Every structure is written in C-alpha cells, then in structure tokens.
S.K.: 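Dropping the structure in here first, questions after.
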Amino acid sequence: MSSDEIIDNVFDSYLSGPKIFANRDALRIDYIPERLPHREEHLKVVAGVLAPFLRGQRGSNLFVYGQTGTGKTAVVRFVLDRLQSRSEEVGSMARTCYVNCRLVGTQYRVLASLGQALGVDVPFTGLATTEVLSRFKESLSSRRILLIVALDEIDALVKEYGDALLYQLTRLNESLNYGRVSIIGISNDLRFKERLDPRVLSSLSEEEVVFKPYTALEIIDILRERAAVAFQKGVLENSALALCSAEAAKEHGDARRALDLLRVAGEVVEREGSKQVKDIHVVMAQKSIETDRVSTVLRSMPLHSKLVLCGAYILSAVGDKGMVTGDIYEVYQELCVQSKTESLTQRRVSGLINELEVLGLLNTRLVSLGRYGRTKRINLGIPAESIRQVYSDDSWISPLLNYTPLSLRRGSH
DNA sequence: CGTCCACAGGAATGACGGGCGG
DNA sequence: CCGCCCGTCATTCCTGTGGACG
C-alpha cells in the first residue's frame, strides 16, 4: 500500500465512520455557553455591581476569587458581553475590556490591550509605559468613556511585576475629569492579596465574590448542557457523563477538567470508529491526558533534569529502594561522564530534584538518618515504564537507560 | 548528652542570552 | 545596529538541623 493510500484510508474511515461531534468547540474552555448552571447567584452579583454603568455611573471595583474551573472567567465574560450589547442599545458610553494577564504577559502589553479596546493606536513597543498610560487617559477623558476592565489571572501579573500598574489604574479616576474606570480582578490564588499594597487592595475589593468549587452533581448539569450542543444525539451514554464529573469532582470540582475529559473521550471514540461514548472511553481519555502531560514534560525538560531523572530511574530499577540525594548525585555524575557532559554541582542538582518533585515526577521526603546525616528519601512519582518509553527514542538519553552504576559493578554492598 | 553526619536550602555573585530603547 | 538592562541558570559559600551513635 502506498503512503497516499494509507493516508486516504485513514481519512476515509474517519469520514465514513459515525459522526460523534456536532460542535466540538462547545467543550473547549473558552467557549461561552448560553446558560451557566449553578452560577445564577454569581451572575446576579456581578451584574449588580456593573449595572450602574448603564446609567453612566461608575460601579464598584470587583475582586473575583475561585479555584480553576469554577466558572469565574465564564461568568465575568458572560456579563461583560451582555453589558456591552445593552450599553450599545441604550447609547451609554460604557465599554468593556477583557484581558488575560498571563497570556498577554507584561504590564506594557496589558496596558496596550486596554488602549486597543478604546481604539487607541499603541505600537507593539517603543513607547514608555507612562506614555501609553497618558494616551489611554486622554482617550477615556475626551470621549467620556466608562470602561470596565477585567483582568484575568491578575495574580500572574502581580507576581511578575508587582502592583504598580494596578495602583495606577485604581487611582486613575481621581485624575480624570470625564470618563471612569472600574476594575474586575480575577484570581485563583487568594494569597496574592498579601502582595498588594493595602490601598490597592481596599480599592480593588470594594466588592468581592468567591466562587466555590462545583459539586459532582453540579458538574453533571454543566456537562449535560454542553454535551447537548457538542455531541450528536444519542451518542453519549449517561454513565460516561457521570464518570467524567465524578473524576473532575475529585480534583476540587474543576469543570474545566471535566470538559477536557469529555472532549478527549469523544475523540477516542471518533478515532476507534465506534458509535457511542461509554465509560471505558472516559477511562482511556483519562490515561491519555495523563500520559500526554507526562511525556511532554519529560521531553521538554532541560538536559540535566533528564539526567537526574534518569539516575533516579536506574536506581529504582536496581530495586535498592530508599535512594537519597547523594545516591542520585553519584549516578548522575557517572551519567554525565558517559554522555560527555559537564556535571553540575550538588547544590544545583538538589534544586533540580525539587523541581522534579513539583512536576510530580519524583516523590521526596525529608528524613534524618541520625548519625548518617539528614537528607531526602526519593521515589519515582510515575511508573518507571513511562520513563523508559519516552526516553527510549531520545538519542541522548536512551543509551544511558541500561547503564549500571559503579557502586553495583562488583556485586558488593 | 553532646557530636557530627549528609545533606537542605538561603544569599550573593557570575555567565549568558535575548529583548528594548535609542 | 549597538549598548544596556534584565531574567535565567549555575556556582560558591554559607548556616541550619534531626537524631543515631559513642
């Protein structure tokens, strides 16, 4: 069979197979649905805070807090959309602007996107931040605009750059003759408030909404709404849907996780050419999401992290469980010799081990062995097999997978 | 009961690379 | 295009520490 034929076969079987999705996008996280089940109260609060804008008055600033996948972004964007269109109907000067701080990146670019929302021309670069700010002010003031700024993942911005920009924005109204600004800050890290100047904090959280995680039952309702749009009729089994929500509920009620799971399950079914999404597909989806995650980090890690992990892999295979930092460092150094790489210091490797732990690739526990020192006991956080699998087609690492450490060469110890 | 092991992990400093402003 | 600045990664040097051993 020629390559062309192979490809055509795949395409054909895809096209001729049963159709699973009606509108796959409805399961994506940036999709704004028609209804937001179990967020009626929050919608009311947010809409209430913003309502004064339609009468040309400034509403309060608002701080929205909640863990990932609790509907913060969806609720805020939903209300902003409605407000924008109502505002145009009644001819108010209220405008809205939504910015994801983490995606946009820097203070400058956040400010630039605010400017663009007003139609101000801001070059990608070249202007001082204060210059952008004053153009922004000028535009607000001259056109008497009431602007609602939603800053999503605001914690990322503050973590990187401090609260200087927020300070400017919260104080903007004092120096404006006409036009007003309100801020909606969205964060999933409550501790980030501690980093704020008290003046900024009190101004930002004039009003506050906390989004609690969804319960498993609530997630079922959400999935049902989305699934009705996303899937063809009769394709999705109820129990599969319930399983998705149960799994997501385990993870602090993360609706985003549930939607991902459901989408991937649908894709699994599509690929294998079956007609229905069943429990088994959800389980497969879960595995596939996890292995995807693991194999991307494993592949994208810097070389020395790979070598350290590889050392841990070798030691764990030897079975001599109870490896500690020193053991890994020793093997790591040998691996460096093998691959003709300069080795890093123990201090650094100790840091790398901590990073690997954060990624969930290693489990570590601080232990004291008394007379024999104080160190970290380390285990693999993922199956050894997945490490072997991913690294066996890495030309740098694969020759090292079967290396035998010197300490074991003569069979002693 | 004090020692002292084998590290943990903080602070200061240096090398490097990439983007920004002029 | 160049110099400057800033962030990241790494090194060096350091102080801290739980508990078995003597």
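Since this is a predicted model, take the numbers as computed values, not measurements. What you see below is based on every heavy atom in this structure, not just the backbone, and it leaves out hydrogens, waters and symmetry mates.
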S.K.: For A/D8, enumerate each residue passing the side-chain hydrogen bond (donor to acceptor under 3.5 Å, both in side chains) test, keeping only those at least two apart in sequence or located in another chain.
M.R.: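 Residues passing side-chain hydrogen bond (donor to acceptor under 3.5 Å, both in side chains) with A/D8: none at all.
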S.K.: If only side-chain N and O atoms of A/K376 are considered, is one of them under 4.0 Å from the OP1 or OP2 phosphate oxygen of B/dA6?
M.R.: no
S.K.: Could you tell me the separation between the CD1 atom of A/I378 and the P atom of B/dA6, rounded to a whole number of Å?
M.R.: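 The distance from CD1 of A/I378 to P of B/dA6 comes to 16 Å, rounded to the nearest Å.
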S.K.: Where the side chain of A/S87 meets the backbone of A/S85, is there a donor-acceptor pair that is under 3.5 Å apart?
M.R.: no
S.K.: Return each pair, listed once, that meets side-chain hydrogen bond (donor to acceptor under 3.5 Å, both in side chains) where at least one residue sits in residues 344-354 of chain A; pairs must be two or more places apart or across chains.
M.R.: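 Residue pairs passing side-chain hydrogen bond (donor to acceptor under 3.5 Å, both in side chains), neighbours aside: A/N354-A/K376.
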S.K.: Scan residues 296-311 of chain A for pairs that pass salt bridge (charged side-chain N to carboxylate O under 4.0 Å, His left out), counting only residues two or more places apart or in two chains.
M.R.: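 Every pair satisfying salt bridge (charged side-chain N to carboxylate O under 4.0 Å, His left out) with a residue in residues 296-311 of chain A: A/R299-A/D393, A/K306-A/D394.
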S.K.: Please report, rounded to the nearest Å, how far the C1' atom of B/dC16 is from the CG atom of A/L344.
M.R.: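 From A/L344 CG to B/dC16 C1': 15 Å.
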S.K.: State whether the side chain of A/Q84 and the backbone N or O of A/T96 hold a donor-acceptor pair below 3.5 Å, judged by distance alone.
M.R.: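 Side chain of A/Q84 to backbone of A/T96: a pair is present.
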S.K.: Summarise protein proximity over nucleotides 14-22 of chain C in one line of letters, 5' to 3': B for base, S for sugar-phosphate only, - for none, counting protein heavy atoms closer than 4.0 Å.
M.R.: --BBBBBS-
S.K.: Check every strand shown and say whether A/S343 touches a base, only sugar-phosphate, or nothing at a heavy-atom separation below 4.0 Å.
M.R.: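 Touches sugar-phosphate only.
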S.K.: Given atom CE of A/M301 and atom C1' of C/dC9, what is their separation to the nearest angstrom?
M.R.: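 The answer, rounded to whole Å, is 16 Å.
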S.K.: Could you give the side-chain donor-acceptor pairs of residues 261-268 of chain A under 3.5 Å, partners two or more places apart or in another chain?
M.R.:
from	atom 1	to	atom 2	distance (Å)
A/R263	NH1	A/E267	OE2	3.4
A/R263	NH2	A/D260	OD1	3.0
A/E267	OE2	A/R24	NH1	3.2

S.K.: Between A/L356 and A/S305, which heavy-atom pair has the shortest distance, and what is it?
M.R.: CD1-O, 4.0 Å
S.K.: Residues from residues 345-362 of chain A sitting under 4.0 Å of DNA chain C, heavy atoms only?
M.R.: A/T345, A/R347, A/R348
S.K.: Between A/R39 (side chain) and A/T70 (backbone), is there a donor-acceptor pair under 3.5 Å?
M.R.: yes
